[in-house]
There are 4 protein chains.
Amino acid sequence: MSAPMDLPKTGKRELQKEARRTAIIDAALDAFTQQGFTATKLDDVADRAGIGKGTIYLYFDSKENLFEEVVRQTLFPIRDAAAARLDSFTGSASELLTVHFSDFYVAMGNPKIPPLIAMISGEALRFPAIASFFYEEIISKSQAILRRIISRGVESGEFRPEANELYLQLLTAPVLISTTWNLQFREQAPIEIEKYMQMHIEFVLRAIKV
Amino acid sequence: MSAPMDLPKTGKRELQKEARRTAIIDAALDAFTQQGFTATKLDDVADRAGIGKGTIYLYFDSKENLFEEVVRQTLFPIRDAAAARLDSFTGSASELLTVHFSDFYVAMGNPKIPPLIAMISGEALRFPAIASFFYEEIISKSQAILRRIISRGVESGEFRPEANELYLQLLTAPVLISTTWNLQFREQAPIEIEKYMQMHIEFVLRAIKV
Amino acid sequence: MSAPMDLPKTGKRELQKEARRTAIIDAALDAFTQQGFTATKLDDVADRAGIGKGTIYLYFDSKENLFEEVVRQTLFPIRDAAAARLDSFTGSASELLTVHFSDFYVAMGNPKIPPLIAMISGEALRFPAIASFFYEEIISKSQAILRRIISRGVESGEFRPEANELYLQLLTAPVLISTTWNLQFREQAPIEIEKYMQMHIEFVLRAIKV
Amino acid sequence: MSAPMDLPKTGKRELQKEARRTAIIDAALDAFTQQGFTATKLDDVADRAGIGKGTIYLYFDSKENLFEEVVRQTLFPIRDAAAARLDSFTGSASELLTVHFSDFYVAMGNPKIPPLIAMISGEALRFPAIASFFYEEIISKSQAILRRIISRGVESGEFRPEANELYLQLLTAPVLISTTWNLQFREQAPIEIEKYMQMHIEFVLRAIKV
DNA sequence: TATGAATGAGGGTTCATTCAT
DNA sequence: TATGAATGAACCCTCATTCAT
């Protein structure tokens, strides 16, 4: 109506709306990860975001839709960063693998991520759409990257040819477990991520190197 | 609770009560693992157990208490089986490790277990008592066993001395991930457990053998 | 379980339940007719019935289902009474018609009925199921009775043969209009039902007699 | 409201405002008659009128006020048309009565009218002001006209003197019932208005003619 | 001991109304 | 004047828990 052309949101109104949307997602991320999906009250989300309860429905269709957007906004950047890294990297496959896992651990260092992943796992059974979305957008893309790194190593003679056949979960499992662990058992026996990461990478390399 | 020691209940009344209690726990296990904690209705549990809804409250204080008892009752046998095996085994540390992991995978083959573990993870934040119990009774005991196996291997010269320092999660992570995986992503990319297990064991041995 | 046979509800429990059900229907009838379907709050129905809000859902599936039951319980007896009368009546067709309309007006004298019918009309557009149910169970059965009375009169030579072809709404319309009228315009120009009824019957007979 | 007398607004501004007001009323009429008062959302009305939701409140105080204005604006023309006809007519009272009813049925042929009347009936209990307005402006004026026609017929010797005493609802009821009927039971047993109308007029004349 | 009817707090969602732009 | 984003009260329905039988 007023904007001369619809260039990427420049109006005050549009910026406002985008900020609101982000605020709601942030608030929802906190609430969901602290309480789980079902136990989270939209009242609480609204309070955290400093808005009225009805406002949420101006931006999201339902609680489930909000949850999806939370996952999207939070995990997409990580996935995209990992992909970008791969393209620009020059160096040995071992070095690349090291960097890749290191990135992975850094991402998990964001305190919002582990609880989010734990929650997704917990709710996956009752929300197959979430599981599916998570697999397609995050898991399978991550695995593709890792697969390419290993192929590179096999071609260059750094890794044993059998590495190409491995279930990649064998390599990545410790990352996920470490985050879950510190979430649940930090009190009893915390994992020191720095040390754990080094052991993990060495462990993997020893298993797949020629 | 009331018995001076936990001698086996022998009266007809006590047996009857114990059977009822077990029936409720079984029904609750099914319900919880299929629907998650919050989504499970005690009505449903009562129906599955073939009793009235109010009866549940004669045996358990609350839904949360029931959940805790379900976890306890279900995981105890697993823990006990693992400990028993170790004591009676004779053979190389590699063989023992193989058997240990194999047992582990077999336990996870019980279709009730993976959803239970997933659920525990999902609800752990809101049930610290559960997380704590899970750690003390299952995780730490399980790790102790694994630690002893590795020690034996290091002593016998089969495994590298550094193996004694490893975070054991690096070794066991793939087991847990495999169960979670098949729970969530069976549709998209199922893991063949038999093959996966062999790769896993070989992977671990290659990493820790001298 | 306990009753030796399932004879018509004799247990205290069953009587209780039946009484509850009736109490809810009565309360709902009042609320619906005073406020309309949409504007009626189940909270209010519960208060009027002197029960908790959740109790309604032990007896009815939903607000709509409750509405249907209200219509059923309230209008079925009237319909059935009219049918019974017809079978037992001996006398001229004019007399029968007179009695039939008289019964009709008596039924409408029940202060619950007119508002109920007005409400059904008002909500019919948005609840076709209600309209359909109302037609099948009340309207068409009422018309069948009236049709038989007229046939009898034509056969006996009291009524003109063309009467068999008449839209019956021409005969019954004044009954319905009178109830609606006194509902809406009692203040401005009330209809005296007794006088109105006599005029109506005379009016109809004059129009259809030979 | 503000104009000293209700002279036709002539300024450009006033015309614009009047057009907007009319557009809203038209949109609201559609919405109300299709969905009923409570179920109609002002969002929907605004969309139909092609304006913003807030704009409605520049022209009407509330949803209820809008409803009243819709009824007023829609029914005024009908009332006025009926009155005009009478003054100019020359012919027998029977012919005049025929024309009068015929006009009535034509007015009801406007597809907006029957649902509006049904809705008024349905909501009348909660909107006494509407009922009152409806009576004063439409019903009583309409009855006055009919009363004059009958008087003329009695004076001319066409109609029986008792016709002057009749409740006029006995004569007009079938018109209203026919519109309600086709609204609710068109599916089950539609009324053919043309045939129905002829039967109705003949029915009435047979009842009141000498 | 066992039941299941009753309760009522609680939550997701809707929508008339307000108000900053 | 016109907009539409924001609000929050309201409402239907659920379900853990209680309690009379």
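Note that the coordinates shown come from a computational prediction; the quantities given were computed from them, not determined experimentally. Per chain, numbering begins at 1; letters A, B, ... match sequence-line order.
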Query raised in the report: Do D:D26 and D:Q73 get their side chains close enough for a donor-acceptor pair, meaning under 3.5 Å?
Result: no

Report task. Tell me which residues in residues 34-51 of chain C put a heavy atom below 4.0 Å from DNA chain E, sorted by number, or none. Result -> C:I51

Report summary line: C:K17 has its side chain closest, among F:dA2, F:dC13, E:dA5, to E:dA5

Query raised in the report: Rounded to the Å, how far apart are C:R20 CZ and E:dG4 P?
Result: 17 Å

**Report entry** Least distance between heavy atoms, D:A27 atom then D:V45 atom
**Finding:** CB-O, 3.6 Å

Report task. Calculate the interatomic distance between A:E18 atom CD and F:dA5 atom P; express it in whole Å. Result -> 13 Å

Report summary line: Of the listed E:dA2, E:dA6, F:dT3, the closest approach to the D:T55 side chain comes from F:dT3

**Report entry** Heavy-atom side-chain contact between B:E69 and B:R21 under 4.5 Å
**Finding:** yes

Query raised in the report: Does any non-hydrogen side-chain atom of B:Y59 lie less than 4.5 Å from one of B:K17?
Result: yes

Report summary line: To the nearest angstrom, the CD1-P distance between C:I24 and E:dA5 comes to 12 Å

Requested in this report: Using a strict cut-off of less than 4.0 Å between a Lys/Arg side-chain nitrogen and an Asp/Glu carboxylate oxygen, indicate whether B:D47 and B:K53 qualify as a salt bridge.
Outcome: no

Query - Pairwise 5' ranking along DNA chain E for C:K53 and A:S62, keeping only the more 5' one - result: C:K53

Requested in this report: Using the closest heavy atom to pick a nucleotide of DNA chain F for each, name whichever of C:D61 or D:L58 lands nearer the 5' end.
Outcome: D:L58

**Report entry** Residue matched to E:dA20 through Watson-Crick or wobble contacts both under 3.5 angstrom
**Finding:** F:dT3

Requested in this report: Describe, in one word, how the ring planes of D:F32 and D:F67 are oriented to each other, choosing from parallel (under 30°), tilted (30 to 60°) and perpendicular (over 60°).
Outcome: perpendicular

Query raised in the report: At under 4.0 Å between heavy atoms, what does B:Y59 touch on the DNA or RNA strands: base, sugar-phosphate, or nothing?
Result: sugar-phosphate

Report task. Give me the one residue out of B:T33, B:D30, B:T74 that meets side-chain hydrogen bond (donor to acceptor under 3.5 Å, both in side chains) with B:K112. Result -> B:D30

Report summary line: Testing F:dA5, F:dT14, F:dA2 for proximity to the side chain of C:Y57, the answer is F:dT14

Report task. Could you check which nucleotide pairs with F:dG8 in any of the strands shown, counting Watson-Crick or G-U wobble with both distances under 3.5 Å? Result -> E:dC15

Report task. Round to a whole Å and report the spacing from CD1 of C:I56 to P of E:dA5. Result -> 16 Å

